[in-house]
Number of protein chains: 4
Amino acid sequence: MSTTRPGRSRSEEARQAILLATRDELAERGYDKLSLDRVAAAAGVGKQTIYRWWSSKAALVAEGVLEGHLMPGLAAPSPETDSDDVWVDVASWLRDFGRALAAPSTAALLRATSAATAEDDEVAARYDEQLTTVTRVALEARFTRAVASGQVRADAPTATAVEALVGLLSYHIVTRRDITEATIDGVVRLLRDGVGG
Amino acid sequence: MSTTRPGRSRSEEARQAILLATRDELAERGYDKLSLDRVAAAAGVGKQTIYRWWSSKAALVAEGVLEGHLMPGLAAPSPETDSDDVWVDVASWLRDFGRALAAPSTAALLRATSAATAEDDEVAARYDEQLTTVTRVALEARFTRAVASGQVRADAPTATAVEALVGLLSYHIVTRRDITEATIDGVVRLLRDGVGG
Amino acid sequence: MSTTRPGRSRSEEARQAILLATRDELAERGYDKLSLDRVAAAAGVGKQTIYRWWSSKAALVAEGVLEGHLMPGLAAPSPETDSDDVWVDVASWLRDFGRALAAPSTAALLRATSAATAEDDEVAARYDEQLTTVTRVALEARFTRAVASGQVRADAPTATAVEALVGLLSYHIVTRRDITEATIDGVVRLLRDGVGG
Amino acid sequence: MSTTRPGRSRSEEARQAILLATRDELAERGYDKLSLDRVAAAAGVGKQTIYRWWSSKAALVAEGVLEGHLMPGLAAPSPETDSDDVWVDVASWLRDFGRALAAPSTAALLRATSAATAEDDEVAARYDEQLTTVTRVALEARFTRAVASGQVRADAPTATAVEALVGLLSYHIVTRRDITEATIDGVVRLLRDGVGG
DNA sequence: CAGTAACCGAGACGGTACGTCGAGTCTTACA
DNA sequence: TGTAAGACTCGACGTACCGTCTCGGTTACTG
């Protein structure tokens, strides 16, 4: 049995060009005004080549934007980068995110992606998976390590704490509020008292 | 000196019809596929009458949906309805919201509105004001009363607690997750420990 | 018995302003792009004042343009201005018309009026009456005087000659051809031989 | 070197459908009320397909109506159909035209086309070319043959005679007057005396 | 090593909606 | 009652995209 098919094979070059053009358009104009005609032109590609591989605008956004292209350099907590203090790590992660959100193009991209979730269940699912679950898992793992080191109570509702953190980000993306030091300070105090050991 | 102008005055009837039709279209099709042609037809109104008073789809959504039409019957905490226990009240408010969100048309409407925030700063500001500030103020007032009754510490970051609550809602709207009893329970535990007296 | 009615009486000033504004718009933009909104604004008049007195765009053009405002200073032949030679008079009249037609605004006005005839039977009838019949009657009268002086045969088809002259004008209006001296010369020769005595 | 371009080629079927629908609309409603929306719908074509190939309503009329679709079966004089007598041929041609003009839809079409000339120089030029030049050339050729057979004087202003004939038609189109036998008789007498040998 | 199947850029197609303009009607405050 | 102002419904404008289809042409597996 063979996995290869006859005929010309898919152009990876075209695929990349499409995804990049999509991201640029999305950052510049938002989801609603994203035009596949423009994407095709910018990518130097025929429109059919887009529709051959993605079923709709939403699907393109789902793959192109959410699979890694979305948040370059936004490091979730990981064992390698842990400090001694879980609250320092949480604050630092929030601060990184706040900085990323302060860049207009990143903020626009996040808002556009968030908007795309409303149009399509598939996109919503991937948004939840990629943007959210990845982050949630990393944060929960950090809390688990903090439980081990005694900084967080074993019976604390850490899942909820993580959900509150992610929700906070979602909320700041939508409302365009900055993530200030006061916000970070409040969050850390709330969590330290709420789940701390 | 007179405040009246010559000419026919704005038709309140048309205004209401437009806002209602907008809400219905929004719930049924979402923001992206909302057509002002259809809204005009459904409202029995000329398209120009829409454009005369609202500068864009986003502005229409901002006014029509956020000014009261959005969440009929979702009572924020108020002194009249307070129970003895602030946590019971918070849990009850979350449960109400969860029930509202479980109705497909309400969920669709909230998602659509949330998506609209991405397209327009004005909408984002009104969304923040109406959905969020109103709710936030009510919740903060409830916590203030809870401080008076000794259920919440005076120095606790109640503002952040409120923000976390609102963010949680925003997040569940976007990701289509239900608000379960487990979620509610976790939130209450987190807050009770985080800000409780 | 009184002929006056209660209430404010019709403003002749407004009527004149409307007719003048109509003529200007018509010369500048043509019949198709004539806008009553613009006419009302230019005349400093409410739109309803136009519709109170004229039933439609075409009716306004019919009255405003065809009743005297159309061809200022284009003298048809008359006993007072007759020369001794009917052919000199015909040539002179054609030459005057050619000069008027050479002015872009006059040509535009004539073309616009001609176009208006296509839209409305009423306008067509008035065009025939005003522009055409007046001219035709004057020309036929001139020929009658020429018959008396022996320059034109009594049994000649003068009505047809006149119709040919008017048709020639109509044709030059539509096709934008200039009326040259060669044309005038040809016409005079044709008629002199065709109807001359 | 290749003359073909990539991409789907223009649909001749769509082109024909558009031109036919235009002609029908024009005959039914006239130039002013001609709606490209309706033409597109009647032709089963997207509106953009019209605008892709024609720059304006006037250009569409210019091509669609004047290129052959206008006067099916209105035979201009030609050597094959000549009788012995040029005046019989002229009278016969006028009579044919009069009959065509008596049909309401033909008359409406001619009026609409005539109106279209007022809006656009291009249309005016094509109108002059098609309706007029074709006819003029045929008539002038007939007169030339009549000169050869001695029925028309060699030094007669035949060009003017032809112009008068065409102008007469133009004038009857605009004023909606029928072309009667009396008119035909007058014209023939005028010309016979005016240019006859 | 010719066929042929699947890809590619280009671009026209039938549609839907946009946001604007204008026609003709209706309503208000004032003269 | 007439008038300027101006909002109203309706319908067409010309443009922008959507998602599909059709060209001529390019790989790359297959018989």
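- On a pure distance criterion of 3.5 Å, no polar donor-acceptor pair joins the side chain of B:Lys47 and the base of F:dG11.
- Rounded to whole Å, the distance from CG on D:Leu36 to C1' on E:dG14 is 16 Å.
- Summary of the strand contacts: C:Gly46 and B:Ala14 both lie near DNA chain F, and taking for each the nucleotide with the nearest heavy atom, the more 5' one is attributed to C:Gly46.
- Below the 3.5 angstrom threshold, one finds a donor paired with an acceptor across the side chain of D:Gln48 and the base of F:dA16.
- As judged by a 4.0 angstrom heavy-atom cut-off over every strand, A:Arg52 is placed among the base-contacting residues.
- Residue C:Ser35 places at least one side-chain N or O under 4.0 Å from the OP1 or OP2 atom of E:dA23.
- At the heavy-atom level, B:Leu34 lies under 4.0 Å from the strands shown only through sugar-phosphate atoms.
- Annotation: side chain of A:Trp54 is in contact with side chain of A:Arg15 (closest heavy-atom distance under 4.5 Å).
- Picking from E:dC18, E:dC8, E:dA17 the nucleotide with the shortest atom distance to the side chain of B:Lys57 gives E:dC18.
- Contact between A:Ala42 and A:Ala21 at its shortest, heavy atoms only, is CB-CB, 4.1 Å.
- For D:Asp37, whose side chain is taken as the heavy atoms from C-beta onward, the closest listed nucleotide among F:dA7, E:dG22, F:dA12 is F:dA12.
- Between A:Trp53 and A:Glu63 there is no side-chain heavy-atom pair separated by less than 4.5 Å.
- Nearer to the 5' terminus of DNA chain E, by closest-nucleotide assignment, is the contact made by A:Ala40 (compared with the other of D:Glu12 and A:Ala40).
- Remark: the A:Arg8 side chain and the F:dT26 base include a donor-acceptor N/O pair separated by less than 3.5 Å.
- Nearest to the side-chain atoms of D:Tyr51 among the listed nucleotides E:dT28, E:dG19, F:dT15 stands F:dT15.
- Comparing F:dA7, E:dA23, F:dT9 against the side chain of B:Thr49 picks out F:dT9 as the nearest.
- Mapping C:Ser56 and B:Pro6 onto DNA chain E via the closest heavy atom, the residue that lands nearer the 5' end is C:Ser56.
- Here the side chains of D:Tyr31 and D:Glu119 are in contact, with some heavy-atom distance below 4.5 Å.
- For the pair B:Arg10 and C:Val45, both in contact range of DNA chain F, the more 5′-proximal nearest nucleotide belongs to C:Val45.
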